[in-house]
K.L.:
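Take this structure, written in structure tokens, and hold onto it; I'll ask about it next.
Whatever order the structure lists ligands and atoms in, that order sets their numbers, starting from 1. Reckoned from all heavy atoms, side chains included, excluding hydrogens, waters and symmetry mates.
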Amino acid sequence: MCGIVGYNGKNQAAEILLAGLEKLEYRGYDSAGMAFQTEDGLVQYKEKGRVADLRKAVDGSLESSVGIGHTRWATHGVPDRKNSHPHQSATGRFTLVHNGVIENYEKLKNSYLKDVPFASDTDTEVIVQLVEHFAEEGLMTGEAFRKALSLLHGSYAIALLDEQAPEMIFVAKNRSPLLVGVSEDCNVVASDAMAMLQVTDQFIELHDGEVVLLGRGGVTIETLEGEKIERAPYTAELDMSDIEKGTYPHYMLKEIDEQPGVIRKIMEAYSTEDGTLTIEPAIRQAFRRADRLYIIAAGTSYHAGLVGKEYIEKLAGLPAEVHISSEFGYNMPLLSEKPLFLFITQSGETADSRQVLVKVKALGYPAITMTNVPGSTLSREADHTLLLHAGPEIAVASTKAYTAQLAVLAISAYCLGDGACDFDLKQELGIAANAIETLTDAKQEMESLAAELLDNKRNAFFLGRGLDYYVSLEGALKLKEISYIQAEGFAGGELKHGTIALIEEGTPVIALATQRNVSANLRGNVKEVTARGANACIISMEGDSEPGDRLILPHIHDLLTPLAAVIPLQLLSYYASLQRGCDVDKPRNLAKSVTVE
Ligand code: M6R
């Protein structure tokens, strides 16, 4: 969702901010803008659409070394120029970019700003107008900024410019991601370290309720009450090649191909020196103390959680439930006596999941975050973190983070079971990684299958039973989010309880048949749909395949089949999206990091 960058340094800010915004494009957005302090006053640019459009609008001869930039994902007000950031106060003295949602903006408008003309439909504008309101009452900028912040209810990451203090960027954060970057030449601010890796790899975490004065020569971090905070920078261990597409046409395809390597990296990261799989003793203890695990997640991470529940129950013998985070927080079920919460979130920033974490922490329950982003909000706020080690995932459609989640869930469950299982997980994960490699090599086949099955189709169904059902949910999500084909995943037996009414001549049905204990039933369900005209494609596994199966996965351990079964579904979605001319990496209306509820 919205992304923020800010630069205060020795060099020209425009190109650095544009390059930073380009790095934030993956988060999802529909307009972009920037503002600069110049000798002739404040200059700003805004465009609906892509950063590329903003780039064209910027005056090449602009001289400025202090500026802020923003990509907006519309919440309040349609995506247009008027509503895109930066927003300015009525006199034009203050200019601001914001990520988050101000819940009480209407009330603040009515209480403090009745006579102020508003130029946009956004909640954001109220912040900049409030700063000006308090400055006009005689407060210094820093004080006016704090006073405005103290009135806000909601989430925000903010960068503010004051025409009368052109050497400073005023920054604040509450429940929306924001980092400060420091170097000899400049100080910067960004929603994600990736955006500013071009100028520094030294970043300082910001906590909720903190305010930053970002000067060229130094950075001061304070609480809202003005108390100074000393916090050392950390080195962002990101490689530029991790965040570049390289020779790939899309990040999604690159990330699909990275999956075998990610599984191997995870095995290494979760191994002792003698090569045994392990998890941190403190995490093991947390699981040991619990009488039930509550897995909380959204989207693809929720689908991984469904598989994870099976792992935890089957390998560790701990009862587990999986919940959609946006539902759980507002309608909590009766909890067990000693619950443990596991938040699965690639980004570590998902607002729906975070609101649950805040609630369960307030109730005093222990929480673990499984995330791909060390230092992310949910990682910081939980008691423990299980890292995914998948490397940055840039495409909006999650692929390698999903398989990483499955692998880390399997390892955690296996370690909790104290190796009592009748198989060697490390060996089986190695086999799974090789199988993924074989499957990612089958690109041409998947490209043809996408054309054959999905060309000109309005809808598609994914069927499965057991673990395959959970993978079918993920397959459907992948297809719909990037190709806009309406797709649904079903438990095989459930179809005839309603949905089969939608099957007509040529309806694509992708059926997963990797679960031996239910493959006969699943094949029966496929017969039911083909009898009604469906164009069915069965994906089965070596050793349990039948003539006519469209794709046969290399044999892997029954419990790990989701790791392999999802690969053809990812590739199918990728090619369907491509064949329809969709924006594969940045599907419409979606954001990578969903930082508002
Ligand atoms: O960062 P998170 O794992 O918490 O994100 C949750 C969902 O927003 C995410 O998985 C989303 O469903 C993906 N775009 C799916 O590909």
K.L.:
May I ask you to say whether Asp192 pairs ionically with Lys592, meaning some side-chain N is under 4.0 Å from a carboxylate O?
P.N.:
no
K.L.:
With side chain to side chain donor-acceptor pair (under 3.5 Å) as the rule and sequence neighbours excluded, what pairs involving residues 447-463 come up?
P.N.:
Glu452-Arg550
K.L.:
List by chain and number: which residues place a heavy atom under 4.0 Å from ligand 1?
P.N.:
Ala298, Gly299, Thr300, Ser301, Thr345, Gln346, Ser347, Thr350, Val396, Ala397, Ser398, Leu477, Lys478, Glu481, Val594
K.L.:
Is any NZ, NE, NH1 or NH2 atom of the basic residue among Lys254 and Asp585 found under 4.0 Å from an Asp or Glu carboxylate oxygen of the other?
P.N.:
no
K.L.:
Quick one: does any side-chain atom of His85 pair with a main-chain N or O of His98 as donor and acceptor, under 3.5 Å?
P.N.:
yes
K.L.:
Indicate yes or no for a side-chain donor-acceptor contact from Thr71 to the backbone of Gly3 under 3.5 Å, with no hydrogens or angles considered.
P.N.:
yes
K.L.:
Just by modelled atom types, is the Leu387 backbone N or O under 3.5 Å from a matching donor or acceptor in the Thr385 side chain?
P.N.:
no
